[in-house]
2 protein chains.
Amino acid sequence: MENIGLRLKALRSSRGLSQRRLANESGVSNATVSLIENGRTDPSMGMLKRILDSLNVSFAEFFAADSLAENRFFYRHAELAEISSGPISYLQVGSDLSGSQLQILYERYQPGADTGQSMLSHEAEEGGVILQGRLEVTVGKQVQTLSAGDAYRFNSSLPHRFRNTGNEDCLVVSACTPPSF
Amino acid sequence: MENIGLRLKALRSSRGLSQRRLANESGVSNATVSLIENGRTDPSMGMLKRILDSLNVSFAEFFAADSLAENRFFYRHAELAEISSGPISYLQVGSDLSGSQLQILYERYQPGADTGQSMLSHEAEEGGVILQGRLEVTVGKQVQTLSAGDAYRFNSSLPHRFRNTGNEDCLVVSACTPPSF
DNA sequence: ATCATTTGTTAAATATTTTTAACAATTCAA
DNA sequence: TTGAATTGTTAAAAATATTTAACAAATGAT
């Protein structure tokens, strides 16, 4: 049950809980949590259920990530999938987009962060809304600096580039169809 | 874990398997299957997985029925839920219809099978298509004998009755909204 | 630095599940 | 009807999971 352990560990740490804290709230021992997470035991349904209950996660939700096509509707911020970090971090809504036509990202650009001038393009359509900071967006030969509340939208086949020209982090929510990476 | 046992039992019998047969193909003892089905034990995830594997059902699929609104879209014939057997057998598309407005059934009437003249009615709307055999349908004061390709449709508040007047099994696909049982 | 918490892990004791092996009840064939 | 095979169930034995209680390592506060 290696897989179950890994998934539980990810779920617990995404909520910022310690093994003991989770164990207490679940009514199981901390040893149980440890053994399950490390795949050193084959937990009973009852144990797993008690733990998932205290996390407000149903069996269905817990195992939903199994299906290739995801069937989850709601995601806590801590559950967003970090598909890239560094000067630009991308948090994706949903972890498995196979079979999906839509990709939604929560992006954070550190000051000076730049997607580069490579101007790479791909066959898709994308757009986004700026939440905080300043973002210089280049599409084709046009350049604009956007700030909180502004938005963009274009065909991804046009060369494009993003750059944080401000001195604070820039936050963006973007969407792309079909998913680009 | 009462609920899980019932679901497993439904799943197994819908495939026409005995406890021993399923146990052998899963590599567990028949006692385990019996204990789980009757809720007399709290099975380990490993045991449940071995059993579900041999049924070609993933955890995600098995627990998907947990969500009140089902999120499955496709059902193999062997997965239809047998909600009644005997002279008239009803196979339902989907096992949990709570929250759903539509019930779809695959019905088999043995020769002579009769829903009875009780003419009970309920507040709903229903209809169906005959696939094979002959079916005498009574609605209010009207009587018709339908055969393959024919169909029916009426408000369930009218008294109605179904009877197989032919000498071969009669197959019907019906729909009802809201679900009647 | 030091002490006190808190972290995750693990061995031994306990509790539970799982198997083995039997049982009665049913089904099928002759 | 009979015997043989299959059904689902269950008690006792065997195997395994869970808890208790300890440990070392990391963290935080004074």
Side-chain angles (χ1 to χ4, degrees), chain A residues 1-55 57-59 62-63 78-79, chain B residues 1-55 57-59 62-63 66 78 81-89 91 95 108 110-111 113 169:
Chain A
M1 296 294 96
E2 182 68 31
N3 201 21
I4 286 169
L6 294 178
R7 205 173 306 171
L8 176 59
K9 183 168 188 168
L11 184 57
R12 174 178 63 81
S13 45
S14 81
R15 306 259 176 123
L17 294 171
S18 70
Q19 289 182 346
R20 275 185 167 80
R21 181 91 190 282
L22 175 59
N24 288 342
E25 295 181 359
S26 307
V28 307
S29 74
N30 59 299
T32 299
V33 176
S34 174
L35 294 170
I36 293 176
E37 286 190 356
N38 294 333
R40 307 185 76 80
T41 193
D42 176 16
S44 69
M45 297 216 34
M47 287 296 122
L48 192 55
K49 178 160 176 28
R50 276 203 262 172
I51 294 171
L52 293 182
D53 278 352
S54 77
L55 288 166
V57 172
S58 69
F59 272 129
F62 188 68
F63 290 113
E79 295 168 359
Chain B
M1 298 292 97
E2 182 68 32
N3 199 22
I4 280 141
L6 294 177
R7 203 175 308 164
L8 176 60
K9 182 167 190 167
L11 184 57
R12 174 178 64 80
S13 45
S14 80
R15 307 260 176 121
L17 293 171
S18 70
Q19 289 182 345
R20 274 185 167 79
R21 182 95 191 281
L22 175 59
N24 288 342
E25 295 181 0
S26 308
V28 307
S29 74
N30 59 299
T32 299
V33 176
S34 174
L35 294 170
I36 293 177
E37 287 189 355
N38 294 331
R40 309 186 75 81
T41 192
D42 177 17
S44 70
M45 299 303 294
M47 287 297 121
L48 191 56
K49 177 158 173 38
R50 276 203 262 173
I51 294 172
L52 293 181
D53 278 352
S54 78
L55 288 167
V57 171
S58 70
F59 274 137
F62 188 68
F63 291 116
D66 261 352
E82 182 168 47
I83 57 180
S84 174
S85 60
I88 307 178
S89 89
L91 300 181
S95 54
R108 176 183 294 270
Q110 292 178 8
D169 281 6

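The shown structure was predicted, so the numbers you read here are calculated from the model rather than taken from an experiment. Naming convention: chains lettered A, B, ... in sequence-line order (proteins, then strands); numbering from 1 in each chain.
Across all strands shown, B:R12 has heavy atoms under 4.0 Å from sugar-phosphate atoms exclusively, and none from any base. If you check every strand for non-hydrogen atoms under 4.0 Å, A:S44 touches sugar and phosphate atoms only. No contact: B:V33 has no heavy atom under 4.0 Å from any strand.
Put simply, CG on A:N24 is 12 Å from P on C:dG8, counting in whole angstrom units. We find that CG of A:N38 is positioned 16 Å from P of C:dT7, with the value rounded to whole Å. Taking atom NZ of residue A:K9 and atom P of nucleotide C:dG8, one finds them 8 Å apart after rounding to whole Å. The nearest whole Å value for the distance from the CZ atom in A:R40 to the P atom in D:dA17 is 12 Å. When rounded to the nearest whole Å, the span between CD of A:Q19 and P of C:dG8 equals 5 Å. Atom CD in B:E37 sits roughly 13 Å away from atom P in D:dT10 (whole-Å rounding). C:dT10 atom C1' lies 8 Å from atom CG of A:L35, rounded to whole Å. Regarding A:M45, its CE atom lies at a distance of 15 Å from the P atom of D:dA17, rounded to whole Å.
Considering CZ of B:R21 and OG of B:S26, their distance stands at 11.0 Å, rounded to 0.5 Å. A distance of 10.5 Å separates CD in B:Q19 from OG1 in B:T32, rounded to the nearest 0.5 Å. In this structure, the separation between CG on A:N24 and OG on A:S29 is 10.0 Å, given to the nearest 0.5 Å. Rounding to the nearest 0.5 Å places CG of B:L35 at 9.5 Å from CG of B:N30. In this structure, CD1 on A:I51 lies 9.0 Å from CZ on A:F62, to the nearest 0.5 angstrom.
Between A:V28 and B:L17, the one whose closest nucleotide on DNA chain D sits nearer the 5' end is B:L17.
Taking both residues in full, the closest heavy atoms of B:K49 and B:F59 are given as CB-CZ, 3.7 Å, listed atom of the first, atom of the second, then distance. The nearest pair of heavy atoms linking A:V33 to A:A23 is CG2-CB, 4.0 Å.
Put simply, the side chain of B:R12 gets close to the backbone of B:L17: a donor and an acceptor are under 3.5 Å apart. Side-chain N or O atoms of B:R108 include none that pairs as donor or acceptor with a backbone N or O of B:I88 at under 3.5 Å.
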Protein and nucleotides 20-29 of chain D: nitrogen or oxygen contacts under 3.5 angstrom:
residue: D:dA22; atom: N6; partner: A:R20; partner atom: NH2; Å: 3.3

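Taking the side chain of A:S34 as heavy atoms from C-beta on, and the options C:dT10, D:dT10, C:dT19, the nearest nucleotide is C:dT10.
Axis deviation across the helix from C:dA1-D:dT30 to C:dA30-D:dT1 amounts to 40°, comparing end segments of five pairs, rounded to 10 degrees.
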